[in-house]
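Ligands are counted one by one from 1 in listed order, and the atoms in each one are counted from 1 as well.
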Amino acid sequence: MYPRTRGRRLRETEAIRSLVRETRLSPSELVYPIFVIEGEGEKREIPSMPGNYHFSADMLDDEIGELKGLGINAVLLFGVPGIKDAFGSEAYRDAGVVQRAVKSIKAQHPDMYVITDVCMCQYTDHGHCGMLTETGRVENDRTLEYLSRIALSHAKAGADMVAPSDMMDGRVGYIRDHLDENGYKHVGIMSYAVKYASAFYGPFRDAAGSAPSFGDRKTYQMDPANSDEALREARADIREGADIIIVKPALAYLDIVRRVKDSANIPVAAYNVSGEYAMLRNAVDSGILGEDAIMESLISIKRAGADIIITYFAKEIARKLRRE
Ligand code: PBG
């Protein structure tokens with residue numbers, strides 16, 4: 001005879017289910033993305049991402065306090081500048097929108113871990129992630145100089161970690177050298193190593209005003225049909241000195257999260273992006289799906305192998321975990 005009912009016995013009550021549960025989520029594994037804008041006294045809801053806001057730097061104190069109260073210890077900052085130009089020069093200005101936000105968070109909450117997105121697309125007038133040639137091609141190597149300048153200005157403002165999301169080749173090593181040479185060896189790099197050219201970034205591009213004015217990002221972001229390429233990208237960034245690598249998006253790429261996790265020997269973060277947020281948010285808010293769909297989705301990302309989840313649901317999930 002063989003035991004026919006083992007599965008059932010381990011599902012009998014919540015006590016035994018939680019005893020044998022293989023995957024758990026904790027607020028301390030979540031990173032909350034925050035959009036900072038110019039101005040003062042501003043806190044405005046982002047229409048395409050209900051429940052998320054644009055903040056001016058002076059309005060971050062309460063938000064960070066709330067996050068800490070929920071057990072969320074890390075934020076990822078995105079800047080929405082007032083001015084754009086061909087060089088994205090607002091991105092590396094010492095008094096730029098992100099730099100001011102980092103300083104104000106660190107002054108009030110030195111224990112909040114501050115990660116800054118390093119990219120040019122919000123800052124360039126053409127909306128591409130790098131410098132362009134006269135014919136409109138993104139110039140990889142010239143862009144590296146700008147990215148490392150942006151990263152250094154974030155480090156100077158007090159960022160704990162920089163997160164290059166531009167997908168230029170060689171930028172992790174370039175940024176690492178630049179930070180080291182300038183006395184910022186202690187500042188980490190969380191690289192968007194595996195970033196797909198995805199339609200799920202739509203609401204973010206609205207929120208950040210970063211949609212390209214012509215063309216698309218397919219020459220520097222990855223083809224959704226590829227999986228081996230993800231391992232090559234991850235390996236390159238690890239070799240160049242990334243401390244953490246990101247797979248992005250998350251939900252349509254759980255197989256990639258698993259493959260990258262199995263092959264990488266450093267922490268892997270999955271970015272549950274704006275379109276994934278909007279999709280679930282709308283389905284739950286309109287009653288098409290029950291709200292448990294949110295926890296189920298995040299647990300699936302963890303189960304796939306993510307050590308860290310970057311998510312716009314961070315506060316909501318942390319509240320739910322607290323209630324349980
Ligand atoms: C900037 C950047 C993007 C996202 C993070 N950093 C957009 C893009 O590549 O167009 C997307 C995040 C999200 O959708 O939540 N390069």
Side-chain angles (χ1 to χ4, degrees), residues 30-36 46-54 75-81 84 88 90-91 97-98 115-124 126-132 138 140 143-144 146-147 150-151 154 161-169 171-172 175 189-224 233 237 244-253 269-282 297-298 301 306 308-314:
L30 305 177
V31 177
Y32 186 58
I34 294 182
F35 294 89
V36 280
I46 301 171
S48 56
M49 300 166 71
N52 290 272
Y53 298 82
H54 280 125
V75 290
L76 174 59
L77 298 186
F78 291 96
V80 187
K84 300 173 190 255
E90 277 296 299
V97 62
V98 167
I115 309 167
T116 55
D117 183 79
V118 170
C119 195
M120 299 188 71
C121 60
Q122 290 109 282
Y123 301 88
T124 50
H126 46 72
H128 277 287
C129 302
M131 298 297 290
L132 297 185
V138 174
N140 193 90
T143 301
L144 302 183
Y146 285 87
L147 293 170
I150 299 168
H154 291 178
M161 186 169 265
V162 293
S165 67
D166 49 279
M167 286 298 276
M168 298 303 126
D169 290 332
R171 84 259 199 242
V172 173
I175 291 172
I189 300 180
M190 176 162 92
S191 86
Y192 291 71
V194 180
K195 180 173 177 180
Y196 285 90
S198 170
F200 285 96
Y201 308 148
F204 173 95
R205 290 180 187 174
D206 280 347
S210 65
S213 62
F214 68 91
D216 53 42
R217 305 209 202 289
K218 289 181 184 165
T219 61
Y220 41 103
Q221 298 183 352
M222 287 175 48
D223 182 342
E233 290 284 354
D237 283 14
I244 298 173
I245 48 176
I246 302 178
V247 174
K248 175 184 170 189
L251 290 176
Y253 297 86
Y271 198 144
N272 178 219
V273 299
S274 60
E276 300 174 329
Y277 175 80
M279 193 165 65
L280 269 172
R281 172 89 285 150
N282 286 323
S297 299
L298 293 192
I301 298 170
I308 299 163
I309 304 176
I310 305 167
T311 180
Y312 304 97
F313 285 118

Original post:
Of all residues at least two apart in sequence or in a different chain, which pass the side chain to side chain donor-acceptor pair (under 3.5 Å) check with Tyr146?
Top reply: none

Close N/O pairs between ligand 1 and protein, under 3.5 Å:
{"from": "ligand 1", "atom 1": "6 (N)", "to": "Lys248", "atom 2": "NZ", "distance (Å)": "3.4"}
{"from": "ligand 1", "atom 1": "9 (O)", "to": "Lys195", "atom 2": "NZ", "distance (Å)": "2.7"}
{"from": "ligand 1", "atom 1": "9 (O)", "to": "Gln221", "atom 2": "NE2", "distance (Å)": "2.9"}
{"from": "ligand 1", "atom 1": "10 (O)", "to": "Arg205", "atom 2": "NE", "distance (Å)": "2.6"}
{"from": "ligand 1", "atom 1": "10 (O)", "to": "Arg205", "atom 2": "NH2", "distance (Å)": "2.8"}
{"from": "ligand 1", "atom 1": "10 (O)", "to": "Arg217", "atom 2": "NE", "distance (Å)": "3.0"}
{"from": "ligand 1", "atom 1": "10 (O)", "to": "Arg217", "atom 2": "NH2", "distance (Å)": "3.3"}
{"from": "ligand 1", "atom 1": "14 (O)", "to": "Ser274", "atom 2": "N", "distance (Å)": "3.3"}
{"from": "ligand 1", "atom 1": "14 (O)", "to": "Ser274", "atom 2": "OG", "distance (Å)": "2.7"}
{"from": "ligand 1", "atom 1": "15 (O)", "to": "Ser274", "atom 2": "N", "distance (Å)": "2.8"}
{"from": "ligand 1", "atom 1": "15 (O)", "to": "Tyr312", "atom 2": "OH", "distance (Å)": "2.6"}
{"from": "ligand 1", "atom 1": "16 (N)", "to": "Ser165", "atom 2": "OG", "distance (Å)": "3.2"}
{"from": "ligand 1", "atom 1": "16 (N)", "to": "Lys195", "atom 2": "NZ", "distance (Å)": "3.0"}

List, one per line, each side-chain donor-acceptor pair under 3.5 Å for residues 273-282, sequence neighbours excluded.
{"from": "Ser274", "atom 1": "OG", "to": "Phe200", "atom 2": "O", "distance (Å)": "3.4"}
{"from": "Ser274", "atom 1": "OG", "to": "Phe204", "atom 2": "N", "distance (Å)": "3.0"}
{"from": "Glu276", "atom 1": "OE1", "to": "Asn272", "atom 2": "ND2", "distance (Å)": "2.9"}
{"from": "Glu276", "atom 1": "OE1", "to": "Val273", "atom 2": "N", "distance (Å)": "2.8"}
{"from": "Glu276", "atom 1": "OE2", "to": "Ala250", "atom 2": "N", "distance (Å)": "3.1"}
{"from": "Glu276", "atom 1": "OE2", "to": "Leu251", "atom 2": "N", "distance (Å)": "2.6"}
{"from": "Tyr277", "atom 1": "OH", "to": "Pro50", "atom 2": "O", "distance (Å)": "2.4"}
{"from": "Tyr277", "atom 1": "OH", "to": "Asn52", "atom 2": "ND2", "distance (Å)": "3.3"}
{"from": "Tyr277", "atom 1": "OH", "to": "Arg281", "atom 2": "NH1", "distance (Å)": "3.4"}
{"from": "Arg281", "atom 1": "NE", "to": "Asp285", "atom 2": "OD1", "distance (Å)": "3.4"}
{"from": "Arg281", "atom 1": "NE", "to": "Asp285", "atom 2": "OD2", "distance (Å)": "3.1"}
{"from": "Arg281", "atom 1": "NH1", "to": "Glu316", "atom 2": "OE1", "distance (Å)": "2.6"}
{"from": "Arg281", "atom 1": "NH2", "to": "Asp285", "atom 2": "OD1", "distance (Å)": "3.3"}
{"from": "Arg281", "atom 1": "NH2", "to": "Glu316", "atom 2": "OE2", "distance (Å)": "3.4"}
{"from": "Asn282", "atom 1": "ND2", "to": "Ala278", "atom 2": "O", "distance (Å)": "3.0"}

**OP:** Could you tell me if the ring centre of Tyr53 sits under 6.0 Å from that of Phe35?
**Re:** no

Original post:
If you look only at pairs with a residue in residues 199-219, which of them pass as a side-chain hydrogen bond (donor to acceptor under 3.5 Å, both in side chains), with sequence neighbours excluded?
Top reply: Arg217-Tyr220

Subject >> Gln122 side-chain N/O to Gly79 backbone N/O, donor-acceptor pair under 3.5 Å >> reply: yes

Subject >> Test item: His128 side-chain N/O and Val138 main-chain N/O as donor-acceptor pair under 3.5 Å >> reply: no

